[in-house]
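Before anything else, here's the structure in question.
Each chain gets a letter, A, B and so on, in the order its sequence line appears, and its residues count up from 1. This is a predicted model, so every value here is computed, not measured.
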2 protein chains.
Amino acid sequence: MHYLYCVSRTQNIHVTVDAIVFGYSKEEGVMVVLIKRKYPPFEGDWAIPGGFVEETESLEHAVERELQEETGIQINYLEQLYTFGQPKRDPRKRIISVAYFGIVKTSEFKRLHADTDAVAAQWFNIKELPKLAFDHQELLDVAIERLRGKIVYQPVGFELLDKKFPFSDFENLYSTLLDRPIDRRNFKKKVMHLGILDKLEEKAKSTGSGRPGNLFQFNESRYKQLVSQGIHFEI
Amino acid sequence: MHYLYCVSRTQNIHVTVDAIVFGYSKEEGVMVVLIKRKYPPFEGDWAIPGGFVEETESLEHAVERELQEETGIQINYLEQLYTFGQPKRDPRKRIISVAYFGIVKTSEFKRLHADTDAVAAQWFNIKELPKLAFDHQELLDVAIERLRGKIVYQPVGFELLDKKFPFSDFENLYSTLLDRPIDRRNFKKKVMHLGILDKLEEKAKSTGSGRPGNLFQFNESRYKQLVSQGIHFEI
DNA sequence: TATATTTGTGTTCTTTTTACACAAATATAT
DNA sequence: ATATATTTGTGTAAAAAGAACACAAATATA
C-alpha cells in the first residue's frame, strides 16, 4: 500500500462521535449524562449521547450538535478522549466512534438537571450507573479514568465549578474524585502557593449552617504561565 | 437525533490509520520513519505511513498491516495517539485519520535503518524534518509531545532501548528527549531507588574510548507493581 | 444563649530534591 | 611503555517540599 490517499476504495465504515459529559455539585457528587434508547438494539438501555458525523462538519462540531439535539446541553469544556473501533462493537455495521470528554459547570449542571428529563436524558452519579448499551461502559470507564487523572496535574476542576466558589467546594471535588480524604490545610497551602486561585473579598452566601467562607476564583493567566513552564499539578 | 444508531444514513467519510514510529540510537538520537509520496497530491513530499482501514479488521490490526506493507516495520510498542478529522485535511475527500504512536527498539531500529530505503521509507531525526504532506507535521508534533510527556512519568524509554543497555544510553535518551542536561548521579540515584532497573553482572563491550560500564535491564514486574500502586515517574 | 457546623490558620518533623568533584578503567597516540 | 583523552562510578550536605496535626472564630438552629 504505497498508494495511501491515492486509491479510491469504497469503505463501508461509519463514523460517529460520542460525548461523555460530566457535571458536579457538592450535594450529588460527580454526575454523567446518559440517554435512554428508544429503539433496538439495546432498546430501553441507557447510552452515551452521540451520533453520526456529517460530511462537512468538524468532529467537535458534530459533538456539540449532537449534544444539543439529544440533551440540550452546551458544554464549556471539551477534549477528545479516545477512538473506539472494534469491528463488532455495533451488531449492525462497522462503526468507528470518536469519543469526547465534556464538562459543564455546577450552575449549568443544576439548571440542566432540572429539565433534561424532558428530552429523555438523565444525570447519573458515576458510582451508581445503570447497565449501558454497546461498549459504552468501557467508554465511560476510560472517561472517568481520564477525569481523575487530569485533575491531579491540570486544574480541570475549575471547569466543573462555577466561576466563583468557596474553597470547600474545590476541596470536596478533589476529595470526591480522588476518593480519599484531603488535608485541608496542606491542600490549601499548596494550591495558594501555586497561585492558581485568587481569594475574593466576597463571602459565600450562607448555604446552611456553619461559618461563611471567602469565595475564590480561578486565575487563568497564572495557570497558563505555569503550563508554559511545563509545570504539573501533583495535588 | 434520538435515533442514534437507528438511522441508516449514507456517510461518505473514509477512515485511515497513520503510524508515527520512533526509533533511537545513541549516535543518531530520536528518529521517526517517513515515506516518500509517489503520486499527487503532495507528490514527492514525505508523509507519515498509513492507509485505509478494512471493514473487518481492528484499528490496531490496520496499523500493523499498513506499517508492514509500507515500511517492513514490526513495532514492539503501539498506542493510540489522537484522531484527526478536520473536513479539509485531505483535498480530495473527507478522511478521518486515527493516528497511532509506535516504538521500535534500538537494535531493530539499526537493522531497519539499513534497509528501509528499499521500500521508499526513511528514518529522519526529529530535529531535522523535511516538509511533510497534508497536516502530517501536526500529527508529528502531537506525537513528539506525547513521547516527551510519556517518558517523564512512564518508562517508555525502555521500549526504545534494547533489552540490555549501558546506563549512559538510558541517561542520554532522557537528556535528548527532554532536551536538557541531566545530573548523572541524581538521575541514577532516583532510577535505582525506584527499582525499575536491574544491574547485570555483564559489562558492556567496549564501544569506543572510556571505561566500560555495567549493563542494565528493565525490571518489568517491579514496574507493573509500581503502576498498580498508581505511582508516577517524575524523572 | 447553648449547641452544632463549617471556616481559617502555623509549626514541626520527615522526605525528597538539588548541587557538586574526583578517582578508576579503558582506548589511542606517541 | 607511558602519557593523554574519554567514559564510568560514587556520597554528602544544604534546600525545598510534603505530611501530620488542633484549636479558635463565625454563623444557623434549637
Side-chain angles (χ1 to χ4, degrees), chain A residues 25-27 29 106 151-153 161-162 164-176 178 180-217 226 229-235, chain B residues 25-27 29 106 151-153 161-162 164-176 178 180-217 226 229-235:
Chain A
S25 78
K26 199 171 182 171
E27 298 76 25
T106 296
I151 65 157
V152 304
Y153 66 93
L161 298 174
D162 287 332
K164 300 172 181 180
F165 47 86
F167 196 86
S168 58
D169 277 14
F170 189 57
E171 185 196 323
N172 284 330
L173 171 61
Y174 273 76
S175 182
T176 304
L178 300 181
R180 60 176 161 88
I182 284 183
D183 181 290
R184 189 151 40 102
R185 279 180 287 191
N186 290 339
F187 182 69
K188 190 165 188 175
K189 208 189 307 174
K190 189 160 194 170
V191 171
M192 297 314 288
H193 185 248
L194 284 170
I196 51 177
L197 278 196
D198 293 334
K199 183 175 179 175
L200 303 177
E201 287 314 308
E202 296 174 71
K203 299 269 176 190
K205 59 178 184 294
S206 63
T207 167
S209 61
R211 173 176 174 174
N214 274 88
L215 288 175
F216 290 79
Q217 175 175 303
L226 289 172
Q229 291 169 24
I231 294 178
H232 282 205
F233 303 85
E234 286 284 346
I235 290 175
Chain B
S25 78
K26 198 172 183 171
E27 299 76 26
T106 296
I151 64 156
V152 304
Y153 66 92
L161 298 175
D162 287 332
K164 299 172 181 182
F165 47 86
F167 196 87
S168 58
D169 277 15
F170 188 57
E171 185 196 323
N172 284 330
L173 171 61
Y174 273 76
S175 183
T176 304
L178 300 181
R180 60 177 160 87
I182 283 183
D183 182 289
R184 187 151 40 102
R185 278 180 287 189
N186 291 339
F187 182 69
K188 190 165 187 175
K189 208 189 307 175
K190 191 160 194 171
V191 171
M192 296 314 287
H193 185 248
L194 284 170
I196 52 177
L197 278 196
D198 293 334
K199 184 174 177 175
L200 303 177
E201 287 313 309
E202 296 173 70
K203 300 268 176 192
K205 59 177 184 294
S206 63
T207 167
S209 62
R211 173 176 175 173
N214 275 87
L215 288 176
F216 291 78
Q217 174 174 302
L226 288 173
Q229 291 169 23
I231 294 177
H232 282 204
F233 303 85
E234 286 284 345
I235 290 175

* Rounded to whole angstrom units, what separation is found between the CG atom of A:L215 and the P atom of C:dG8? -> 10 Å

* To do: Kindly point out which of D:dT10, C:dG8, D:dA26 is positioned nearest to the side chain of A:K188?
  => C:dG8

* Asked: Between atom CZ in A:F216 and atom C1' in C:dT7, what is the gap in whole Å?
  -> 10 Å

* Structure fact -> Dot-bracket for DNA chain D, 5' to 3', Watson-Crick and G-U pairs with both distances under 3.5 Å, [ ] for crossing pairs, | for partner on another strand, reads ||||||||||||||||||||||||||||||

* Would you indicate, yes or no, if C:dT16 has its OP1 or OP2 atom less than 4.0 angstrom from a side-chain nitrogen or oxygen of B:K190? => no

* Asked: When rounded to the nearest 0.5 angstrom, what is the spacing between CG in A:L194 and CD1 in A:I235?
  -> 6.5 Å

* Quick one: does B:V191's side chain get under 4.5 Å of B:K188's, heavy atoms only? -> no

* **Closest approach of B:D169 to B:K26 (non-hydrogen atoms, all atoms of both residues)** => OD1-CD, 3.0 Å

* Over 60° means perpendicular and under 30° means parallel, so classify the ring planes of B:F167 and B:F216, tilted if in between. => perpendicular

* What closest approach, in Å, do B:T106 and B:L161 show between heavy atoms, and which atom pair accounts for it? -> OG1-CA, 3.7 Å

* **Nearest to side-chain heavy atoms of B:S209, which nucleotide of C:dA27, C:dT5, C:dA25** => C:dA27

* Could you pick out which residue, B:K203 or B:K189, lies toward the 5' side of DNA chain D when each is mapped onto its nearest nucleotide? => B:K203

* Structure fact -> Between CD1 of B:I182 and C1' of C:dA19 the distance, given in whole Å, is 15 Å

* Asked: Which pair of heavy atoms, one from B:P166 and one from B:A204, lies closest together, and at what distance?
  -> CB-CB, 4.5 Å

* B:S168 side chain near D:dT8 phosphate (N/O to OP1/OP2, under 4.0 Å) -> yes

* Atom pair distance, as rounded to whole Å: CD1 in A:I235 and P in D:dA17 -> 15 Å

Are any protein N/O atoms closer than 3.5 Å to N/O atoms in nucleotides 21-24 of chain C? If there are, list each pair with its distance.
{"from": "C:dA21", "atom 1": "N1", "to": "B:R185", "atom 2": "NH1", "distance (Å)": "3.2"}
{"from": "C:dA24", "atom 1": "N3", "to": "B:R211", "atom 2": "NH1", "distance (Å)": "3.1"}

* Asked: Rounding to a whole Å, what distance do you find between B:F165:CZ and D:dT7:P?
  -> 19 Å

* Asked: Between B:K26 and B:N186, which is nearer to the 5' end of DNA chain D once each is assigned its nearest nucleotide?
  -> B:K26

* Asked: Testing B:D198, B:L200, B:N214 for side-chain contact (heavy atoms from CB on, under 4.5 Å) with B:K164, which one passes?
  -> B:L200

* Structure fact -> Per nearest nucleotide of DNA chain C, the residue lying toward the 5' end, B:D183 or B:H193, is B:H193

* Asked: Any side-chain heavy atom of B:L173 within less than 4.5 Å of one from B:F165?
  -> no

* To do: Check whether any side-chain nitrogen or oxygen of A:N214 sits under 4.0 Å from OP1 or OP2 of C:dG8, and answer yes or no.
  => yes

* Structure fact -> B:S175 and B:P181 have their tightest heavy-atom pair at OG-CA, 4.0 Å

